[in-house]
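Notes to accompany the following structure.
Below, all heavy atoms of this structure are taken into account, side chains as well, without hydrogens, waters or symmetry copies. Chain letters run A, B, ... following the sequence lines, proteins first and then strands; every chain starts at 1. None of the values given here were measured: they were computed from a predicted structure.
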There are 2 protein chains.
Amino acid sequence: MKILPEKTVERLSQYRRTLNNYVAEYGKSRIYSHELAALLNITAVQVRRDIMFIGYTSVQRKGYNIKDLIQVIGNIIDSPDSINVAVVGYGNLGKAITTYFAGNRPKLKLVAAFDIDPKKVGSEVNNVKCYSIERMREIVALNDISIAILTVPTHAAAEMAKVLIQTGIKGILNFTTVNLHVPSNIYLEEYDMITSLEKVAYFVKHRPLG
Amino acid sequence: MKILPEKTVERLSQYRRTLNNYVAEYGKSRIYSHELAALLNITAVQVRRDIMFIGYTSVQRKGYNIKDLIQVIGNIIDSPDSINVAVVGYGNLGKAITTYFAGNRPKLKLVAAFDIDPKKVGSEVNNVKCYSIERMREIVALNDISIAILTVPTHAAAEMAKVLIQTGIKGILNFTTVNLHVPSNIYLEEYDMITSLEKVAYFVKHRPLG
DNA sequence: ATCTTTTTGTTATAAAAATAACAATATTGA
DNA sequence: TCAATATTGTTATTTTTATAACAAAAAGAT
Ligand SMILES: NC(=O)c1ccc[n+]([C@@H]2O[C@H](COP(=O)([O-])OP(=O)(O)OC[C@H]3O[C@@H](n4cnc5c(N)ncnc54)[C@H](O)[C@@H]3O)[C@@H](O)[C@H]2O)c1
Ligand SMILES: NC(=O)c1ccc[n+]([C@@H]2O[C@H](COP(=O)([O-])OP(=O)(O)OC[C@H]3O[C@@H](n4cnc5c(N)ncnc54)[C@H](O)[C@@H]3O)[C@@H](O)[C@H]2O)c1
């Protein structure tokens, strides 16, 4: 299958999440494009177009079979075997994420944490054990970890990214407030909360309408 | 000034952050577009175009005066008087954010937290006090809070958003895993960590190059 | 049976965002 | 002094993303 547009991948993830909630809440088995769109604050065309991209088709006029759609999305965005993830930096944010993450996605498993602080090493949240940085190579290999969530202090981020890449990690989700530089075979996604907040502040002040 | 494109606003926030770090680290006073671009993994044209949008100009060929640029960005994305922010849901994530946020941005002040749990009400992190939901209207008015960061459990999110809007809040940064529905005069920004992670997983598997 | 309505799937168009191209200008060095 | 170079500011083009338009199919109504 052709590689999907970034935005479509993001929305597919959200469709699935939303559909799972929807089934749980309303117990319906089918949903119209405009209903799903309304749940996500987007347009029905957008939904139909994304679904077209992944090649799923419903019987016309009946809406989409939710169970099937969830499955098809899974076939696209999940990998067949599950992917293992580690949190690097087991502080406030790292632990919050670990707590939250537990069993959230069947195909994404948070299997280890790493920290430099001897007081944190050995601790456990949600069955996720914290290891020292020295053991990173070993643990990453042992557990076949391919994605890291980076929540170390800013000053340590670049160095940690380097080490992670050496251990063989393939993707990084970076929550620290520095932009990392990675080779082109590593997929990097960055999120900065302050940027989001400043954006909200700007548009609260400047948006048309009132 | 004309309203800026969303992406430009996001990058301006990052330029400022990056420039502040850069000054602190290297003590230089000027920076070239390509240098700033490299720090953010984007192109120099992008930087110049954003800077064009905000109307700042340097002396040609000398690069940008960092101090001035930081200031001009501030004039654009900060509001003249500071904006007050509240965290709603003082759990793992809410507290992590509070700790992190402290004094991070001079013009964005985290001034209160709210929680439904009596054990949390009255507690304090980083001088940010937690209040009961009942006192929300009062505290929001008293402190002129216009932005809320929503970190309550998923099931409570829609209701809390409704209440927040009733109290007069103008922007919401939503970290819960449901999409909210707000009137068009409220600015809503949503971030879902699982979506980010699933995106990383997808592109780790599917990206061209190796 | 045929008309109307609803909803999908797809192609066409528009809008937003990123990139490229390049003129203008300052600086350096011959 | 004048050519070569480096860098900005801006317009033009391309790419990506979103929206609109509409044909086809199903279901129901008359
Ligand atoms: N807390 C938040 O809500 C929040 C929000 C956005 C961004 N961030 C960013 O996330 C990062 C972590 O924030 P936090 O609030 O959890 O901080 P924290 O201080 O609570 O946690 C950082 C952890 O990293 C560990 N650490 C330090 N150096 C390390 C190294 N070299 N290798 C591995 N681990 C190391 C520390 O021992 C600590 O446990 C920061 O960069 C911060 O800017 C945090
Ligand atoms: N922890 C994370 O890293 C993380 C990441 C992404 C998203 N989230 C989302 O953020 C939200 C909070 O996550 P968390 O890990 O901090 O959970 P948590 O359980 O630690 O915190 C939730 C807090 O909200 C309070 N609360 C419950 N009902 C409330 C109500 N009606 N009004 C106000 N407060 C109420 C609880 O008392 C608790 O203090 C969840 O929706 C979760 O999906 C969390």
A:Val45 side-chain proximity, nearest of C:dT19, D:dA20, D:dG9: D:dA20

Distance test, side-chain N/O of A:Arg11 to OP1/OP2 of D:dA18, below 4.0 Å: yes

Contact under 4.0 Å: A:Gln46 side-chain N or O vs D:dT19 OP1/OP2: yes

DNA chain D: 5'-proximal contact among B:Ile31 and A:Thr43 (nearest heavy atom): B:Ile31

Rounded interatomic separation in angstrom, taking NZ from B:Lys62 and C1' from C:dA24: 17 Å

Atom pair distance, as rounded to whole Å: CZ in A:Arg48 and P in C:dT8: 6 Å

OP1 or OP2 of C:dG9 under 4.0 Å from side-chain N/O of A:Tyr32: no

Between A:Thr154 and A:Thr176, a side-chain donor and acceptor under 3.5 Å: no

Sugar-phosphate only, base, or nothing, as touched by A:Ser33 at under 4.0 Å among non-hydrogen atoms: sugar-phosphate

Pair of N/O donor and acceptor under 3.5 Å linking D:dT19 base with A:Arg49 side chain: yes

Nearest-angstrom distance from the residue atom CD of A:Glu6 to C1' of C:dA16: 15 Å

Side-chain donor-acceptor contact under 3.5 Å, A:Asp50 with A:Thr8: yes

d(CD1, B:Ile54; C1', D:dT10) in whole Å: 16 Å

Whether A:Phe175 and B:Tyr191 hold their rings parallel, tilted or perpendicular, with breakpoints at 30° and 60°: perpendicular

Whole-Å distance separating the CD1 atom of B:Ile51 from the P atom of D:dT8: 8 Å

Phosphate contact (C:dT8 OP1 or OP2) by A:Ser58 side-chain N/O below 4.0 Å: no

Euclidean distance, atom CE of residue A:Met52 to atom P of D:dA20 [Å, nearest integer]: 17 Å

Interatomic distance where NE2 belongs to B:His34 and C1' belongs to D:dT5 [whole Å]: 13 Å

Check: A:Asn174/A:Glu189 side-chain N/O donor and acceptor closer than 3.5 Å: no

Rounded distance in Å - CG (B:Asp50) to C1' (D:dT8): 14 Å

Donor-acceptor contact present, side-chain B:Thr151 to main-chain B:Gly89, <3.5 Å: yes

Touch class at under 4.0 angstrom, heavy-atom based, for B:Arg30 against every strand present: nothing

